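What follows is a short report on a single structure.
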Amino acid sequence: MRLSKGYFFTLREDQHDEESASGNLMVRAGMIKKSSAGIYMMLPLGLLAKRKVERIIREEMNAIDSHELVMPALIPEEVYIESGRRETFGNSMFCLQDRFQRPFVLGPTHEELFASAARMHIRSYKDLPLSLYQFQSKYRDEPRPRFGLIRVREFTMKDAYTFDRDLAGLDVAYGKMFQAYKNIFDRLHLDYVIVTADTGVMGGLLSEEFQALSPIGEDILVIDDENKYATNIEVTPCVLEGTESTEEKRPYSKVPTPGAKTIEQVTALFDLPATMFVKTMIYDVDGELYAVCVRGDRDVNETKLRKLVGGFESALATAADIERVTGAPVGFAGPVGLEIPLLVDQEISLMRNFITGANEDDQHLIDVNLDDFPEHQIADLRMIAPGDRSIKGGKVRFARGIEVGNTFKLGTKYAEAMDVYYTDQDNVRRPVFMGSYGIGPARCLAAIVEQNHTENAILWPKEIAPVEVAIVVVNINNAEQMQVADELYELLTRQGYDVMLDDRDERAGVKFNDMDLIGAYARITLGRDLKDGKVGFKLLKEEQEIAVPVAEVAARVAEIFGERGHYRRDLYS
RNA sequence: CGAGGUGUAGCGCAGCUGGUAGCGCGCUUGCUUUGGGAGCAAGAUGUCGGGGGUUCGAGUCCCUUCACCUCGACCA
């Protein structure tokens with residue numbers, strides 16, 4: 001593109017409403033602009049970069065015989081009612097009505113429509129396996145959009161779906177997709193780890209997430225380096241370490257603890273470590289109240305709680321509910337005498353003579369033991385902590401990740417709900433085994449920028465850089481500079497490289513800074529050396545610029561990006 | 001949804017106890033300059049987020065509403 005004819009602008013200062021490095025750099029580089037909370041305009045330069053990500057994904061999908069199609073984004077609500085997911089998505093679905101007040105939704109993910117597409121095609125075992133994918137806008141009414149393109153309400157997703165005869169077939173399809181995903185994220189030069197995760201609203205047998213490592217990542221990854229085992233904290237099982245206390249059990253008694261509502265306050269009051277306390281949290285899971293006990297220094301893992309009681313939505317109970325079931329203000333709940341289901345973290349089974357709330361204002365109980373509240377269920381309910389043992393045996397550390405892709409083994413859940421069956425060799429009707437696989441290309445872009453930037457430059461990897469070669473004309477009033485620049489621009493463009501010609505009437509410094517900001521991978525400068533037949537040649541990631549004879553420019557570009565020698569007509573198809 | 005914060009020129013911001021709206025960058029024109037966000041000069045640009053109220057008078061005080069941001073909750 002010739003900048004003098006293009007839609008191109010950059011900003012010098014960070015934007016007030018962009019908090020992340022990637023969001024700010026991409027807005028300053030003129031790639032994207034926020035339109036409203038979590039909804040972005042994709043400007044020409046951003047679109048070029050996003051299409052490069054999509055191209056890599058497309059190549060890897062096609063290589064494993066997945067077939068591209070496009071589903072509608074606007075879908076009758078009843079499609080999701082049929083599968084049972086209207087309720088599980090709840091408020092995160094955008095809803096609207098047509099002119100006859102028929103309810104529609106904007107699709108948050110497309111298992112249902114793909115299942116119905118599969119149903120149209122699949123009759124016999126001979127029609128399987130099958131793999132389909134699309135790039136399509138997804139709509140999710142996130143409670144809190146943030147971090148530029150990382151958490152948004154409207155975004156393109158590449159979602160793929162596989163259909164197989166049985167679990168063994170699904171395992172094969174899943175394995176192929178998994179390898180394709182590794183290829184994709186390797187080609188995107190992302191620093192990532194793969195973790196097992198919660199199946200959440202998807203349901204199914206297995207979920208694995210591809211997590212780009214970043215301090216601003218919203219997921220906590222639990223990593224056992226020794227055993228190469230990594231999980232999302234929401235599903236990380238805890239190992240029961242240590243042995244039961246041998247202390248003699250004492251009968252419990254009540255002590256006044258005026259105003260001590262939090263573990264910090266109570267530990268200060270007793271001058272004892274938090275490990276001597278058991279805290280009791282009241283949760284609301286799908287409208288039912290549960291009391292959950294964990295050691296004073298631990299946090300409840302709500303995913304484990306939901307799984308244990310078979311619920312979908314959980315939240316801390318309201319103050320009113322807590323007062324109603326405990327008979328005390330928030331901060332004094334305890335297990336003794338509670339009449340709602342009582343779930344106790346396994347760790348507490350090792351403790352004796354612990355301190356709990358008394359279900360009475362300004363009172364706690366000391367010397368409490370499990371026998372004092374016999375009606376309870378013991379389970380793994382807490383969040384794992386750094387330094388704990390993983391189930392594989394090593395000590396775990398925490399890292400933060402941006403979820404750039406995920407893969408689900410769904411099993412037959414959707415096939416049964418959406419009536420996707422086939423006839424096998426023995427003439428028996430069987431449900432199809434599905435898999436579902438997502439990648440957010442724009443979130444990948446943001447993750448790449450988070451991992452590869454300086455204060456004033458996006459350091460794109462070679463395969464993603466929207467501009468491979470920037471040709472900077474130092475003085476556009478110099479006829480020779482302009483002529484050689486035009487010739488180089490024509491030549492390199494014809495050979496299939498992504499070239500930007502900076503022929504704006506700006507000072508050289510402005511152009512250099514802009515080319516750095518947008519992350520032009522290589523830069524050719526037409527300036528003072530042209531009288532000797534040379535141009536300046538510099539890679540963004542290298543300090544030194546070298547002088548290269550004009551005649552050798554094409555060869556040097558080919559050396560860096562590889563021979564092309566033709567238009568890549570497939571690039572944006 | 002809970003707590004807090006911000007809305008003033010294209011962008012970033014100032015504007016005190018109410019008294020006719022300002023700075024930097026950007027933009028326009030001219031001259032100079034021309035390899036790392038140039039200099040000088042002259043200009044243009046505002047329903048002060050919206051609505052209502054108090055007042056002789058509101059960017060400023062009050063009520064209300066909307067948008068955006070931060071932390072939390074939640075989420076694939």
Side-chain angles (χ1 to χ4, degrees), chain A residues 9-20 23-24 27-28 30 33-39 85 88-93 107-111 138-147 150-153 155 157 159 195 197-204 207-211 218-219 232 234-235 283-284 300 302-303 306 312-319 401-408 410 436-440 443 456-457 472-478 481 502 504-517 523-530 535-536 538 543 545 547:
Chain A
F9 58 88
T10 56
L11 300 173
R12 292 192 180 189
E13 293 172 273
D14 278 354
Q15 297 301 290
H16 170 247
D17 61 350
E18 289 291 346
E19 66 277 35
S20 64
N24 255 308
V27 171
R28 282 174 52 202
K33 180 59 193 165
K34 185 181 296 189
S35 170
S36 62
I39 299 173
R85 289 211 298 177
T88 46
F89 277 112
N91 288 333
S92 66
M93 261 188 173
T109 171
H110 283 79
E111 278 73 10
K138 301 287 192 254
Y139 297 86
R140 299 181 185 181
D141 194 1
E142 292 287 341
R144 191 169 162 206
R146 59 179 147 178
F147 298 141
I150 288 172
R151 181 158 297 269
V152 290
R153 299 195 292 173
F155 61 102
M157 181 190 268
D159 43 329
V195 300
D198 184 31
T199 50
V201 294
M202 297 298 185
S207 163
E208 291 179 281
E209 296 171 338
F210 291 73
Q211 295 272 2
E218 295 176 278
D219 289 304
N232 191 310
E234 47 187 18
V235 297
Y283 279 91
D284 180 330
V300 174
E302 286 191 44
T303 304
R306 285 194 297 269
F312 291 115
E313 289 197 35
S314 61
L316 279 170
T318 61
I402 300 165
E403 184 191 344
V404 285
N406 54 35
T407 52
F408 293 93
L410 297 174
S436 153
Y437 317 86
I439 295 180
R443 188 184 266 190
N456 291 307
V472 172
V473 181
V474 168
N475 181 358
I476 62 165
N477 296 315
N478 178 312
Q481 286 183 18
D502 193 347
R504 293 175 297 168
D505 185 11
E506 287 286 355
R507 296 172 64 82
V510 172
K511 298 185 185 185
F512 291 151
N513 280 311
D514 278 348
M515 294 307 106
D516 289 350
L517 178 59
R523 191 183 77 200
I524 294 168
T525 305
L526 306 185
R528 62 190 167 213
D529 292 336
L530 195 58
V535 302
K538 179 182 174 301
E543 281 297 310
E545 183 182 77

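The analysis underlying the following values was restricted to heavy atoms, covering all of them including side chains, and did not include hydrogens, waters or symmetry mates. Quick note on labels: first sequence line is chain A, next is B, and so on, each numbered from 1. All values derive from a computational prediction rather than experimental measurement.
- Counting any heavy atom pair closer than 4.0 Å across all strands shown, A:Glu142 reaches a base atom.
- With B:rC69, B:rC74, B:rC13 as the candidates, the nucleotide lying closest to the side chain of A:His16 is B:rC13.
- Contacts of A:Asp514 with the nucleic acid, taken as non-hydrogen atoms under 4.0 Å apart, include base atoms.
- One atom, NZ of A:Lys511, and another, P of B:rA38, lie 13 Å apart when rounded to the nearest Å.
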Can you name the atoms? Protein N/O to nucleotides 22-29 of chain B N/O, anything below 3.5 Å, with the distance.
unit_1	atom_1	unit_2	atom_2	d
B:rG24	N2	A:Glu13	OE1	3.4
B:rG26	OP1	A:Arg12	NH2	3.3

Distances for protein N/O vs nucleotides 30-33 of chain B N/O pairs under 3.5 angstrom?
unit_1	atom_1	unit_2	atom_2	d
B:rU33	O2	A:Arg507	NH1	2.7

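- Separating the CD atom of A:Glu302 from the C1' atom of B:rC74 is a distance of 9 Å, rounded to the nearest angstrom.
- We find that CD of A:Glu19 is positioned 14 Å from P of B:rG12, with the value rounded to whole Å.
- Listed for the A:Arg151 side chain is no donor-acceptor partner under 3.5 Å among the backbone atoms of A:Arg144.
- A:Ser36 comes within contact range of the sugar-phosphate backbone alone, with a heavy-atom separation under 4.0 Å but no base atom that close.
- Note on A:Ser92: nothing from the nucleic acid sits closer than 4.0 angstrom, heavy atoms only.
- Looking at heavy-atom distances under 4.0 Å, A:Ala37 makes contact with sugar-phosphate atoms alone, never a base.
- In this structure, A:Lys34 reaches the B:rC69 phosphate: one of its side-chain N or O atoms is under 4.0 Å from OP1 or OP2.
- Taking side-chain N and O atoms only, A:Arg151 has no distance below 4.0 Å to OP1 or OP2 of B:rC74.
- In this structure, the nucleotide among B:rG37, B:rC74, B:rC75 sitting nearest to the side chain of A:Val510 is B:rG37.
- Nucleic acid contact class of A:Asp14 (heavy atoms, under 4.0 Å, all strands): sugar-phosphate only.
- Base contact: A:Phe155 has a heavy atom under 4.0 Å from a base atom.
- Within 4.0 Å (heavy atoms only), A:Arg85 reaches no atom of the nucleic acid at all.
- Comparing atom distances between the A:Arg144 side chain and each of B:rC68, B:rU70, B:rG37 picks out B:rU70 as nearest.
- In this structure, CD of A:Gln15 is placed 13 Å from C1' of B:rC69, rounded to the nearest angstrom.
- Between A:Phe210 and the choices A:Asn406, A:Thr407, A:Ile402, the side-chain contact (heavy atoms from CB on, under 4.5 Å) rule is met once, by A:Thr407.
- In the set B:rG37, B:rC74, B:rC69, B:rG37 carries the atom at the smallest distance from any side-chain atom of A:Thr10.
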